[in-house]
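One is the number of the first residue; the rest follow in order along the sequence. These numbers come from the heavy atoms of this one structure, side chains and all, not from hydrogens, waters or symmetry mates. Keep in mind it's a predicted model, so treat the numbers as computed, not measured.
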Amino acid sequence: QYQRRVHGDDNRAWNGGLMVMEGSHRLFVGCAGTTPEANWEASLQQQRAGIPSQEALTRLAEQYPIRYGEGGAGSVLFFDCNLMHGSHSNISPFPRRNLYCVFNAVTNRLLPVATPRPEHVACRDPQWQTPIH
């Protein structure tokens, strides 16, 4: 599973660019609790569910350097979904818009749930889940 982020605007440390802990994808970090219904509606503004404890983040930061995934408008950043990543608020007068695409292995299909995310957020169409040979 990996993510592709297309920078719609310049992404820099000073406008809340993405921070990553380089190499942290090699370690599994569990998170307590369950994901609330319709979490996708607010999770890109402020993530409150599925986040590691402060102690786990501190241990990771001691082991893996924090780097910014900076890039100019139109650049693309690919990274493993398990890479510890996050952004702080953009308090600059300059925008930071991005397009995220998450690619998931066919073997890791989305399971049926009572209230699924909309199709534009999580595609369940089997046509797109067929391996290419």
Please check if the side chain of S24 supplies one atom and the backbone of L83 the other of a donor-acceptor pair under 3.5 Å.
no
Of all heavy-atom pairs between S92 and N15, which one has the smallest distance, and what is that distance?
OG-CB, 3.4 Å
Does any N or O in the side chain of E70 come within less than 3.5 Å of the main-chain N or O of A13, such that one atom is a donor and the other an acceptor?
yes
Correct closest heavy-atom pair for D10 and G72 would be OD1-CA, 3.2 Å
Starting at CZ of R124, measure out to CG of L111 and round the result to the nearest 0.5 Å.
8.0 Å
Does the side chain of V6 reach to within under 4.5 Å of the side chain of R4, using non-hydrogen atoms?
yes
Any donor-acceptor pair under 3.5 Å linking the side chain of H120 with the backbone of P118?
no
Going through the checks in order, is the side-chain contact (heavy atoms from CB on, under 4.5 Å) test met by F79 and H85?
CA-CA 10 Å; F79 61 97; H85 62 282; 3.7 Å; yes
Any side-chain heavy-atom pair from V29 and M84 closer than 4.5 angstrom?
yes
Looking only at heavy atoms, what is the nearest atom pair of G8 and A73, with distance?
O-CB, 3.7 Å
Using 0.5 Å steps for rounding, measure from the OG atom of S75 to the CZ atom of R5.
8.0 Å
Ion pair D9/R96, N-O distance below 4.0 Å
no
What are the two closest non-hydrogen atoms of C31 and G50, and how far apart are they?
SG-O, 3.4 Å
Got a sec: does the CD1 of I91 have more than 12 other heavy atoms crowding it under 6.0 Å?
no
Which residue is it: R59, H25, M21? I am looking for the one with a side-chain contact (heavy atoms from CB on, under 4.5 Å) to Y64.
M21
Could you give the distance from CG (L110) to SG (C123), rounded to the nearest 0.5 Å?
8.5 Å
Flag side-chain contact, heavy atom, 4.5 Å: D125 against E119:
yes
H88 vs Y68 aromatic rings, parallel, tilted or perpendicular, using cut-offs 30° and 60°?
perpendicular
Taking atom NE2 of H7 and atom CZ of R12, what is their separation to the nearest 0.5 Å?
9.0 Å
Please say whether more than 12 non-hydrogen atoms of neighbouring residues, nucleotides or ligands are located less than 6.0 Å from CZ in F103.
yes
Measuring from atom CD of Q3 to atom SG of C101, what distance do you get when rounded to the nearest 0.5 angstrom?
9.5 Å
Closest non-hydrogen atom pair, F94 against W14:
CD1-CZ3, 3.5 Å
Within 6.0 Å of CD in Q54, more than 12 heavy atoms from elsewhere
no
Any heavy-atom pair between the side chains of L27 and L60 that's under 4.5 Å?
yes
Testing the basics here: between P52 and L57, what is the closest heavy-atom pair and its distance to 0.1 Å?
CG-CD2, 3.7 Å
Would you mind reporting whether L18 and L77 have side-chain heavy atoms less than 4.5 Å apart?
yes
Going only through I, L, V, M, F, W and Y residues with side-chain contacts under 4.5 Å, is there a path from V76 to L99?
yes
